[in-house]
Amino acid sequence: MDDTLLPGIFIVQEPYVRDNKIEGLPTYWKSWLSKDQKAGIIALPTCINPIFLTAEQTLVAIKILAKSKPLSIISSYSSPYNEIDTNLRETTNLITSLNEDFILGTDLNAHHRFWGYNDEVLRGEKVLNFITSHNAYILNTTNAPPTYQQGDSSGWPDLTITSNSHFAQNCSWEVLQESITYSGHKFIQITLNADIHYLQFQRFKTKFGGHRKLINILKPKIEQLLQEIDNTQTKSALDKTTITLQKEINKASSKAYKTKKIPVTPNIVWWSQNLQSKKNELKALSRRIQRSTNLEKSKWISSKENLN
């Protein structure tokens with residue numbers, strides 16, 4: 001992936017898993033897997049407060065906030081050797097229960113002309129019927145390059161589906177052909193337009209005291225807040241009262257507690273694939289030196305001194 005890109009979320013299929021976790025991730029990245037460990041979601045620190053929803057056999061889902069509204073992110077995988085009905089049934093049950101906007105990133109291994117293939121099979125027809133039955137929308141663009149390419153084999157198994165065409169108008173979709181994935185599958189960049197934003201929340205250090213100070217700050221306002229709650233009669237009034245209560249608690253917490261620092265993924269613009277290759281070469285040489293005999297080590301040190 002281009003190091004100048006800072007995604008908030010990766011939707012992945014068939015990741016390398018070890019000890020029930022996606023291998024090779026920094027400790028401060030969050031990740032979730034489906035029960036069969038073939039579908040996953042990775043959240044970077046740039047994605048604030050993702051909430052885990054569910055992990056089914058062939059899919060996993062989280063929830064974030066976009067434009068003050070909940071947005072579900074779903075990762076789904078169906079092997080070409082398995083029946084697709086289980087996957088579609090699980091996905092249907094999930095999005096029906098959500099009743100909200102979603103982005104579904106899938107690798108369903110289903111052929112259909114609608115998303116780029118030259119042929120249509122029953123598996124692809126089932127996927128298309130699933131999409132139309134939910135009035136969903138495919139983000140894949142017309143005449144897009146293959147999302148999978150390995151040797152002479154290529155295809156479009158990776159689909160990105162959104163809840164409706166209105167939400168899709170606020171998204172852009174692109175296959176990143178130049179980015180190296182070390183896999184036949186290409187990176188796909190999905191961008192929510194600038195008018196859709198993520199809510200960021202302050203995080204407070206509550207482990208080291210400050211609770212009495214919080215209570216003392218809120219005490220003078222409790223009677224007024226209780227009165228406002230008692231006077232609430234409508235849904236809009238309840239929403240307004242809830243916001244007022246949250247603001248007062250947040251304001252008091254800011255005075256009573258210290259705030260936590262949230263780690264941010266650094267934007268390393270100078271790192272390149274060539275430097276990565278050199279780094280790997282140095283690691284390989286270092287391992288060879290550690291395994292070598294004392295005589296070989298002395299020869300290497302002598303050569304190094306001559307170079308200097």
Side-chain angles (χ1 to χ4, degrees), residues 6-9 11 28-30 32 41-54 60-74 94-104 134-137 162-172 190-265:
L6 282 176
I9 294 172
I11 300 174
Y28 54 89
W29 289 17
K30 296 179 180 179
W32 302 267
I41 298 175
I42 302 168
L44 279 65
T46 47
C47 176
I48 307 300
N49 288 348
I51 300 171
F52 171 72
L53 281 181
T54 185
V60 63
I62 66 170
K63 189 191 295 288
I64 61 174
L65 287 176
K67 205 174 182 180
S68 304
K69 294 181 179 179
L71 172 65
S72 295
I73 308 294
I74 308 167
L94 174 60
I95 63 178
T96 302
S97 66
L98 292 174
N99 193 28
E100 63 194 29
D101 286 329
F102 63 83
I103 292 179
L104 168 62
H134 293 286
N135 296 318
Y137 190 89
T162 63
S163 44
N164 54 67
S165 58
H166 175 71
F167 184 82
Q169 291 173 2
N170 289 311
C171 302
S172 63
I190 307 159
T191 306
L192 301 182
N193 290 344
D195 61 336
I196 295 182
H197 61 275
Y198 296 102
L199 296 182
Q200 298 190 14
F201 301 97
Q202 283 183 303
R203 297 185 181 184
F204 300 104
K205 296 180 179 180
T206 59
K207 188 177 180 180
F208 308 103
H211 314 312
R212 187 175 297 277
K213 186 176 181 180
L214 177 70
I215 293 170
N216 291 335
I217 294 171
L218 287 174
K219 262 184 182 179
K221 300 177 182 179
I222 288 177
E223 188 174 338
Q224 179 185 345
L225 290 170
L226 288 173
Q227 186 65 43
E228 192 170 337
I229 293 171
D230 288 338
N231 294 336
T232 300
Q233 301 294 328
T234 64
K235 183 178 181 297
S236 59
L238 180 61
D239 290 340
K240 186 178 178 181
T241 302
T242 303
I243 291 170
T244 301
L245 184 61
Q246 288 174 340
K247 285 182 177 179
E248 291 296 340
I249 294 174
N250 190 67
K251 194 186 300 181
S253 298
S254 298
K255 295 177 181 178
Y257 304 117
K258 293 181 179 179
T259 56
K260 289 183 178 180
K261 291 183 179 179
I262 301 171
V264 178
T265 305

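On a predicted model such as this, the values are computed, not experimentally measured, just so you know.
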Could you state the interatomic distance from [atom1] ([X]) to [atom2] ([Y]), rounded to the nearest 0.5 Å?
X    : Y    : atom1 : atom2 : value
L98  : L53  : CG    : CG    : 6.0 Å
S72  : L94  : OG    : CG    : 6.5 Å
N216 : R212 : CG    : CZ    : 7.0 Å
I190 : S172 : CD1   : OG    : 9.0 Å
I51  : I62  : CD1   : CD1   : 9.5 Å
Q227 : I222 : CD    : CD1   : 14.0 Å

*Any chance you could lay out the side chain to side chain contact (heavy atoms under 4.5 Å, CB included) test for C47 and I64, step after step, and finish with the verdict?*
CA-CA 8 Å; C47 176; I64 61 174; 3.8 Å; yes

*Verify whether one side chain among N164 and N135 offers a donor that lies under 3.5 Å from an acceptor in the other.*
no

*For K258, which residues count as a side chain to side chain contact (heavy atoms under 4.5 Å, CB included) partner, sequence neighbours excluded?*
K205

Would you say that [X] contacts [Y] through its side chain, given a criterion of any heavy-atom pair below 4.5 Å between the two side chains?
X    : Y    : value
I229 : N231 : no
I73  : I11  : yes
S254 : T259 : no
Y28  : L44  : no
I74  : I95  : yes
W32  : P50  : yes
I9   : I41  : yes

*Per the side-chain contact (heavy atoms from CB on, under 4.5 Å) rule, which among T241, T242, D239 passes with T232?*
T241

*For K247, which of T244, N250, I243 qualifies under side-chain contact (heavy atoms from CB on, under 4.5 Å)?*
I243

*Could you go through the side chain to side chain contact (heavy atoms under 4.5 Å, CB included) check for T162 and D101 one step at a time?*
CA-CA 7 Å; T162 63; D101 286 329; over 6 Å; no

*Might you point out which heavy atoms bring I217 and P220 nearest each other, and give the distance in Å?*
O-CD, 3.3 Å

*salt bridge (charged side-chain N to carboxylate O under 4.0 Å, His left out) with K221: which residues, sequence neighbours excluded?*
E248

_Plane angle bin for F204 and Y257 - parallel if under 30°, tilted between 30 and 60°, otherwise perpendicular_ = tilted

*Is a salt bridge present between E100 and K63, judged by a nitrogen-to-oxygen distance below 4.0 Å?*
yes

